[in-house]
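Beneath this line is the structure, given in structure tokens, with notes to follow.
Treat the numbers as computed from the prediction; the structure is a model and nothing was measured. We're numbering straight along the sequence, starting at 1.
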Amino acid sequence: MVSGGNARGRSWGLQRPRATLLAAVAIIATLGVIGIGVEDKLQPTSLAVPGTDSARGEDLLRDRFGDSAPFAVLIRGPAAVLDRQGPELIRNLRRQPTTTTLSQWDRGGLSRLRPSPRRALVLVDLHVDEKEAVERGVPRLEGAIAATIHPPARATQAGFATLSQAIQDESVDATRVAELVAVPILLVVLLLVFRSAVAAAIPLLLGGAAVFTTRGILALAAPHLSIDGLALTVATMMGLALGVDYALLMVSRFREELAAGVTAGPAALRTRRTAGRTTAFAGSTLLLAMAVILLVMPGMLFLSLAGTAIIVTLVSVLIAYLAAPPLLQLLGPNVNRWRLGGNGDGRRLMAVVGAALARPRLAAVVIGVALVALALPALALKTGPPSVAQLPAGNSAREDAAEIERAIGA
């Protein structure tokens, strides 16, 4: 038996499903709007791990010399043009009190920075932190280059801030492409499972809601916490995976209740009591795992990724547990509308499941072999700090860094 308190808790929002659903839509829409442009509010990638020798070295350098954002600027062109525009660029950069430069044109100039008459390297340090270097330093440096270096000379620049921004931009762009690719695939899979356009659309809709809600929460937290740009990838990946998965459980259970002759209201309540409980338990397990990671994972990069995973998991569970039942209750039998062939009762799928259960050892071997085959590409993963090699061919930051390396050396 379910106690009165638990029964009331599990029926919350189902007495007034329209009001509950409108409130959920309003919250999700508000956070979705707040999340627009969240990629511009996140921090550049940082590899600092507190307590390590490298972190202590960075702290020592910062205490003695202040913040540092180094760049290499390669100028190429006729020697006479370089000797005229190079010093002009240096004067332009040094008008900023926080900028220092090192070049062949300095007193006692370094000849290695001028490997040939047609090539010269200018080392620039803007003396700002990473965030300032990405947001304002790179545009300022590129503006000074554009205002000073003119044909037949040309200049390219590279630095950690430029690389970090490029990796973040590529990550955001790749996430958008992944969304465009994943959504149609998910829709096809859900249509095959449910054989109903309405039933298939619900998990996809709630998964998208989890992604947009998480982006809004990240936008609100970004001014107060250090959140890496790669967190958006985690938000999209896990938001779609968990949001669709949890909602799929709810829809499946609701349709089973309807097929058993239960009306929409009680069916929604039973769905929350059963599939909702399963969803809450699964989410709680993942939350606990991520909480442990927060305690042991070094560096802000990994902490921000684990924190994002916690947020998106919690959001996915809340949407599935609180918003899905009222939506299903309002839809009622319409959840099975717009069938795509057959009667949508899943008999073929259940026949496959029954065959697997009849020969569990064989099924376990086949599934295990398939999973191992899918996991094998992970052996080829190459881990390491951010580098130009992680950028796709044709990326301007990668091409600039490669050009400087070809001209001057690694």
Side-chain angles (χ1 to χ4, degrees), residues 10-29 32 179-213 236 239-280 282 315-354:
R10 289 173 180 168
S11 64
W12 183 89
L14 296 178
Q15 291 93 347
R16 302 180 63 185
R18 284 186 176 82
T20 303
L21 192 58
L22 285 175
V25 170
I27 294 173
I28 293 171
E179 291 172 346
L180 295 176
V181 173
V183 168
I185 294 176
L186 284 173
L187 182 58
V188 170
V189 172
L190 292 170
L191 285 172
L192 292 175
V193 171
F194 288 128
R195 300 297 181 115
S196 164
V198 174
I202 294 173
L204 199 58
L205 178 66
L206 297 184
V211 173
F212 287 114
T213 302
T236 297
L240 285 177
L242 298 180
V244 170
D245 187 29
Y246 294 162
L248 188 149
L249 289 174
M250 304 294 284
V251 174
S252 298
R253 180 63 182 182
F254 182 75
R255 296 178 84 204
E256 291 175 1
E257 294 293 339
L258 292 181
V262 182
T263 58
L269 180 58
R270 293 184 184 182
T271 296
R272 178 178 283 173
R273 289 176 178 174
T274 53
R277 181 174 57 189
T278 301
T279 296
V315 167
S316 299
V317 170
L318 289 176
I319 289 177
Y321 192 86
L322 299 178
L327 174 60
L328 294 170
Q329 182 179 352
L330 291 175
L331 286 173
N334 288 323
V335 73
N336 293 317
R337 291 193 66 180
W338 298 333
R339 296 183 186 276
L340 304 176
N343 58 9
D345 57 6
R347 278 181 286 186
R348 291 183 181 178
L349 178 62
M350 293 310 298
V352 175
V353 174

(message) Treating Arg272 as the side-chain partner and Tyr321 as the backbone partner, does any N or O pair qualify as donor plus acceptor under 3.5 Å?
(response) yes

(request) Would you name the heavy atoms of Leu190 and Pro203 that are closest together and state the gap between them? (result) CD1-CB, 4.0 Å

(request) Taking all non-hydrogen atoms of both residues into account, name the closest pair between Gly243 and Ser316 and its distance. (result) N-OG, 3.7 Å

(request) Working to the nearest 0.5 Å, report the span between CD of Gln15 and CD of Gln329. (result) 8.5 Å

(request) Report yes if the side chains of Pro266 and Thr263 come closer than 4.5 Å at any heavy-atom pair, otherwise no. (result) yes

(message) Could you check whether any side-chain heavy atom of Val198 comes within less than 4.5 Å of a side-chain heavy atom of Asn336, counting everything from C-beta outward?
(response) no

(message) I'd like to check Met250 versus Leu206 (side-chain heavy atoms, cut-off strictly below 4.5 Å). Are they in contact?
(response) no

(message) Contact between Val335 and Phe254 at the side-chain level, heavy atoms closer than 4.5 Å - yes or no?
(response) yes

(request) Indicate the atoms forming the closest heavy-atom contact of Ala182 with Leu240, along with that distance. (result) CB-CD1, 4.3 Å

(message) Within this structure, what is the OG1-CG distance for the pair Thr271 and Leu328, rounded to the nearest 0.5 Å?
(response) 6.5 Å

(message) I want to check something: taking the side chain as every heavy atom from C-beta on, are Leu269 and Pro325 in contact at a cut-off of under 4.5 Å?
(response) no

(request) Measure the shortest side-chain to side-chain distance between Arg255 and Ser196 over non-hydrogen atoms and say whether it is less than 4.5 angstrom. (result) yes

(message) Which heavy atom of Pro17 sits nearest to which heavy atom of Pro326, and what is that distance?
(response) O-CB, 3.8 Å

(message) Taking the side chain as everything from C-beta on, heavy atoms only, tell me whether Asp245 gets closer than 4.5 Å to Thr279.
(response) no

(request) Measure across Leu21 and Ala323 and return the closest heavy-atom pair with its distance rounded to 0.1 Å. (result) CD1-O, 3.9 Å

(message) What's the separation between atom CG in Leu248 and atom CG in Leu204, rounded to the nearest 0.5 Å?
(response) 11.0 Å

(request) For Glu257, check salt bridge (Lys or Arg N to Asp or Glu O under 4.0 Å) against everything at least two apart and list the hits. (result) Arg253, Arg270

(message) Would you compute the distance between atom CG of Leu186 and atom CG of Leu191 and round it to the nearest 0.5 angstrom?
(response) 11.0 Å

(message) Just verifying a value: how many Å separate Leu330 CG and Thr20 OG1, rounded to the nearest 0.5 Å?
(response) 9.0 Å

(request) Taking all heavy atoms of Ala320 and all of Ala247, pick out the closest pair and write down the distance. (result) CB-N, 4.4 Å

(request) Answer whether the closest heavy-atom distance between the side chains of Phe194 and Ile202 falls below 4.5 Å. (result) no

(message) Rounded to the nearest 0.5 Å, what separates atom CD1 in Ile28 from atom OG1 in Thr213?
(response) 4.5 Å

